[in-house]
Amino acid sequence: MNETLKVDRRDARLALAHIYVAFIALGLGGLAGLLQTLVRSGKFTLPANISYYTILTTHGVLLGLVLTTFFIIGFQFAAISRTAGTFSDRVRFWGWIGFWTMTFGTAMTAFFILTGQASVLYTFYAPLQAHPGFYLGLTLVVVGSWMSGFAMFAHYMKWKKEHPGQVSPLLTFMAVVNMVLWLVCTLGVAATVLIQLLPWSLGLVDRINILVSRTLFWYFGHPLVYFWLLPAYMIWYVVIPKVIGGKIFSDSLARLAFILFLIFSIPVGFHHQLLEPGIEPFWKYVQVVLTFMVVIPSLMTAFSMFATFEMYGRSKGTTGLFGWLRKLPWGDARFFAPFVGMVFFIPAGAGGIINASHQLDQVVHNTVWVTGHFHLTIATTVVLTFFGAAYWLIPHLSGRVMTKAMNRLAIIQTVVWAVGMCFMSGSMHFAGLLGAPRRSAFSTYGNSPQALEWIPYQIAQAVGGTILFIGIILVLVIVTNLAFFAPKGETEFPVGEAAESTERTPLVLENWKLWIGITVVLILIAYTIPFIDMIQNAPPGSKGYKLW
Ligand code: HAS
Ligand code: CU
C-alpha cells in the first residue's frame, strides 16, 4: 500500500472521536451565535426567559474552548501517528482516558451553563461567580488535555530514542511544541481555578483577589490563542505545499518560528490588561515589547508562505510579482479554504497590532471591535484552515474519499463564510470605533444619540451572522458526508517535503532544556515583580456576584 495512505485503524478512531465532538460543538455553538446576533439587532427576543448571557457563554465556551481543544488534539494525534509512526497501546490508552475526561468535563460545564447557573462568559472573570460545577468541568477538560499531551510526549520520546542524532519529523516536532506551550500556560488557569475560584464559589472563602485572578487568566489566555493558531500554521507550513504540488520553503525556519512562539507567547498577558488599574505602566510596557516580539514569527510565516507559492509558480514558468497566483489550485477546497484564511489574517493581524498599542487600545478596549478582531483571527483564519484540513483528514481517518460534488460544496462554503464574516466582523470593527460595547445585549441606552448610531451596524451583524450560520450548516453537511456516507476508499494525509534536505536542520532547535529554560526566565522577568505587588498591595477582595 502507498505509504502516505496507510493509517492504523485504532489511531484513526482516537483522532476521529475528538473531531466528532469538535463538530458537534460547532453546530450547537454556532446556533447560539446566530441567536446572539439576532438579539443584538434589536428585532428579536429570546423565548422562555432565556438570558442573552447564557447564550453568549454557551457560544464562547463551545466554540472558543471546546471546538478548538478537541479539534487540535484530534488533529495532532493524527499528525503524530502519520509522521512518527503508529502509537503503542499505552499511548492510545492514555489518549482515550484524556478524551473521556475532556468529554465528561465538557458535558458537566455545558449542563451548568445551560441550566443558567454559570452565565459568566468564556473568560469567567471574577467577581462574576458561577456554580462550582462549571469550574470543575473546565478543570476536567484541562486535565484530560494534559493526559493527551503526555501521551504525545511519550510517543515523541520513543521516536527520539529509536532515531538517535536525527531531527524529528517536522509535524511531530510542531505538535510537541504546541503541547509544551499548552502545558506551561494552563498552569495559570489551573492555579486561579483551584486556588481562587473554586474555594470562593464553594463558599470556603468569602472574597477573591480580582486582579490576581485576571492576571493568572491572561497568563493563560494569550498563549491560548497561539495554541489555536499553531495547528493552523502546521497545516500552512507542512500540508499546503504538498496539496499545491510544491515544497516547504525551509524546515529550519518553520521550526524556529515555532520555538519563537513558545518563548514569546506567554509573558505577554498584560496586553489584555492595559486598561486595568493596579499594574505599573513599566510592566505593561515590558509586556507590550514582548507582544511585538511574538509578531515576528507570524511575519516569518507570511514570508514562508509567499516563498512557497512563488517557488511553486516559478517552477511552472510564471514570472512577475504575483504571477504565481494564476498557478494555484483554486478549485481544490483543501487549498482554497486555508488560503482564504491566510488572506483574512492580514487585516486580522494588523488589528492585533492596533490592540497591542497602548494608546490605540484605549479607543477599542471593551468595545465590539475586539469581538471583530477575534472573529477574524480564530473564527476565520484558524477555523477556515481547520475546515480545509477536515476535508482530507476526516476521509483519511474514516477510509473514504471526498467526491467532486462535496469539494464544490466546500468551495461554496468557504465563499459563504468569507462573505458572512466581512459583514459581521466588518461591522463589529466599525461599531467598536463608534464606542459600541462588547459583551452586552441590545440596548438603546435611553435612546442616547451615540447608541442609536450603532444600530445599523448591529443589523449588519445579524445579516452576517445569518450567512455564517448557513456556512455552518454547509460544513456540517460535508463533514457528515465525509465521516459516514462518502464512497469508501483511501485518502492521503498530505505531508510536504522541504526544499532542502533536513540534514541541514540544526539539532539545537530540539534542545528542549534550552528553550523551556528561556521561556521560564522570560515569564519570571515579566511577571514576578508585578505579581508580588498585586498580592502585597491587594484591596480587601470582592464577594461574588450573579448578575444574570
Ligand atoms: Fe488577538 C484580543 C493582540 C493575534 C485572538 N485576540 C484577542 C481576543 C482573542 C484574540 C480571542 O494586544 C479577545 C480576548 C477577550 O475575550 O478579551 N492578537 C494580538 C496580536 C496578535 C494577535 C498582537 N489574537 C491573535 C490570534 C488570535 C487572537 C492569532 C486567535 C487565533 N489581541 C491582541 C490584543 C488583545 C487581543 C492586544 C486585547 C484587546 C483588548 O483591548 O481587550 C498577533 O499575533 C497578530 C500577528 C499577525 C500578523 C499577520 C501575519 C499574516 C499572515 C498571512 C499571510 C498571508 C498569505 C496569503 C501568505 C502580523 C501570516 C497572501 C495572499 C494574497 C493574495 C495577499
Ligand atoms: Cu493576546
Side-chain angles (χ1 to χ4, degrees), residues 56 59-61 63-65 68 72 121-125 185 214 217-233 236-237 240 249 257 260-261 264-276 284 287-310 321-322 324-326 328 330 335 338-386 428 432 437-439:
L56 182 55
H59 176 74
V61 169
L63 297 185
L65 306 177
T68 49
I72 290 166
L121 313 192
Y122 85 111
T123 42
F124 47 91
Y125 273 174
C185 78
R214 290 193 191 178
F217 182 85
W218 286 116
Y219 164 95
F220 153 79
H222 184 79
L224 168 70
V225 314
Y226 291 122
F227 173 71
W228 300 335
L229 181 68
L230 291 193
Y233 278 7
W236 296 3
Y237 274 113
I240 292 295
F249 169 67
L260 292 177
F261 275 117
F264 289 118
S265 68
I266 301 169
V268 298
F270 284 171
H271 71 226
H272 294 266
Q273 300 175 279
L274 289 176
L275 299 198
E276 207 150 349
K284 290 181 179 170
Q287 295 211 9
V288 162
V289 171
L290 291 167
T291 303
F292 280 87
M293 297 296 287
V294 79
V295 170
I296 293 172
S298 280
L299 295 176
M300 287 163 62
T301 305
F303 173 81
S304 288
M305 296 319 297
F306 278 113
T308 292
F309 295 148
E310 179 163 353
L321 204 52
F322 287 105
W324 45 268
L325 273 173
R326 275 183 285 119
L328 294 173
W330 298 109
F335 163 76
F339 185 86
V340 173
M342 289 178 205
V343 173
F344 270 82
F345 202 41
I346 297 174
I353 293 170
I354 290 172
N355 298 344
S357 312
H358 195 159
Q359 290 82 345
L360 297 178
D361 192 49
Q362 304 193 1
V363 178
V364 298
H365 183 63
N366 277 342
T367 72
V368 72
W369 160 288
V370 174
T371 319
H373 163 68
F374 66 72
H375 280 82
L376 287 185
T377 49
I378 174 72
T380 309
T381 300
V382 172
V383 156
L384 274 184
T385 303
F386 287 179
M428 284 173 167
R438 64 181 285 202
R439 309 184 183 101

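Start at 1 and go down the list; that is how both ligands and their atoms are numbered. Heavy atoms only: backbone and side chains are in, while hydrogens, waters and symmetry mates are out.
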Polar-atom distance check: [X] versus ligand 1, any N or O pair below 3.5 Å?
{"X": "His365", "answer": "yes"}
{"X": "Leu299", "answer": "no"}
{"X": "Thr301", "answer": "no"}

Just verifying a value: how many Å separate [X] [atom1] and [Y] [atom2], rounded to the nearest 0.5 Å?
{"X": "Leu63", "Y": "His375", "atom1": "CG", "atom2": "NE2", "value": "7.5 Å"}
{"X": "Glu276", "Y": "His365", "atom1": "CD", "atom2": "NE2", "value": "7.0 Å"}
{"X": "Met305", "Y": "Tyr233", "atom1": "CE", "atom2": "OH", "value": "10.0 Å"}
{"X": "Leu260", "Y": "Met300", "atom1": "CG", "atom2": "CE", "value": "5.5 Å"}
{"X": "Thr385", "Y": "Ile240", "atom1": "OG1", "atom2": "CD1", "value": "7.5 Å"}
{"X": "Phe344", "Y": "Leu376", "atom1": "CZ", "atom2": "CG", "value": "7.0 Å"}

Residue part near ligand 1, for [X], under 4.0 Å between non-hydrogen atoms:
{"X": "Phe339", "value": "side chain"}
{"X": "Phe322", "value": "neither"}
{"X": "Phe264", "value": "neither"}
{"X": "Arg438", "value": "side chain"}
{"X": "His271", "value": "both"}
{"X": "Asn355", "value": "both"}

Going by the order shown, which atoms of ligand 1 are within less than 4.0 Å of some heavy atom of [X]?
{"X": "Ala356", "value": "12 (O), 37 (C)"}
{"X": "Phe374", "value": "5 (C), 8 (C), 9 (C), 10 (C), 11 (C), 13 (C)"}
{"X": "Val295", "value": "59 (C)"}
{"X": "Met342", "value": "53 (C), 55 (C), 56 (C), 57 (C)"}

### Message
Once you measure the plane-to-plane angle for Phe345 and Trp236, does it fall in the parallel (<30°), tilted (30-60°) or perpendicular (>60°) bin?
### Response
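Perpendicular: the ring planes of Phe345 and Trp236 meet at over 60°.
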### Query
Taking atom 31 (C) of ligand 1 as the point of reference, which of Val364, Val225, Leu224, Val288 owns the nearest heavy atom?
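Result: the heavy atom closest to atom 31 (C) of ligand 1 is in Val225.
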### Proximal candidate to atom 16 (O) of ligand 1 [heavy atom criterion; set Phe261, Phe227, Tyr122, Phe344]
Tyr122
### Query
Would you call Asp361 a ligand 1 contact, heavy-atom distance under 4.0 Å?
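It does; at least one heavy atom falls under 4.0 Å.
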#### Entry: Close approach, Trp218 and ligand 1, non-hydrogen under 4.0 angstrom
yes
Who's the nearest protein heavy-atom neighbour of [atom], and how far?
{"atom": "atom 44 (O) of ligand 1", "value": "Tyr226 OH, 2.4 Å"}
{"atom": "atom 2 (C) of ligand 1", "value": "His272 CE1, 3.4 Å"}
{"atom": "atom 45 (C) of ligand 1", "value": "Gly349 CA, 3.7 Å"}
{"atom": "atom 54 (C) of ligand 1", "value": "Ala302 CB, 3.7 Å"}
{"atom": "atom 58 (C) of ligand 1", "value": "Met305 CB, 3.5 Å"}
{"atom": "atom 25 (C) of ligand 1", "value": "Thr377 CG2, 3.7 Å"}
{"atom": "atom 52 (C) of ligand 1", "value": "Phe345 CD2, 3.6 Å"}
{"atom": "atom 19 (C) of ligand 1", "value": "Gly352 CA, 3.5 Å"}

### Message
I'd like to know whether CE of Met293 has more than 12 heavy-atom contacts from other residues, nucleotides or ligands below 6.0 angstrom.
### Response
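Open.
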### Message
Does Tyr125 have more than 12 heavy atoms from other residues, nucleotides or ligands lying within 6.0 Å of its OH?
### Response
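Yes - once you tally the heavy atoms of other residues, nucleotides and ligands closer than 6.0 Å, there are more than 12.
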### Query
Is there a ring pair (Phe, Tyr, Trp, His ring centres under 6.0 Å) between Phe322 and Trp324 once you walk through the steps?
CA-CA 5 Å; Phe322 287 105; Trp324 45 268; 5.8 Å; yes
Looking only at heavy atoms, what is the nearest atom pair of [X] and [Y], with distance?
{"X": "Leu274", "Y": "Asn355", "result": "CD1-O, 3.9 Å"}
{"X": "Trp228", "Y": "Val382", "result": "O-CG1, 3.5 Å"}
{"X": "Gly60", "Y": "Tyr122", "result": "C-CB, 3.6 Å"}
{"X": "Thr367", "Y": "Arg438", "result": "O-CB, 3.5 Å"}
{"X": "Gly351", "Y": "Trp369", "result": "CA-CZ2, 4.3 Å"}

### Query
Counting only N and O atoms by type, is there a donor-acceptor contact under 3.5 Å from the side chain of Ser357 to the main-chain atoms of Ile353?
yes
### Task
Taking the Cu ion (ligand 2) as the vertex, measure the angle between atom ND1 in His222 and atom NE2 in His271; round to 10°.
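Roughly 100°, rounded to 10°.
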### Query
Do any of the N/O/S atoms of His373, backbone or side chain, fall under 2.8 Å from atom 1 (Fe) of ligand 1?
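So His373 counts as coordinating atom 1 (Fe) of ligand 1, yes.
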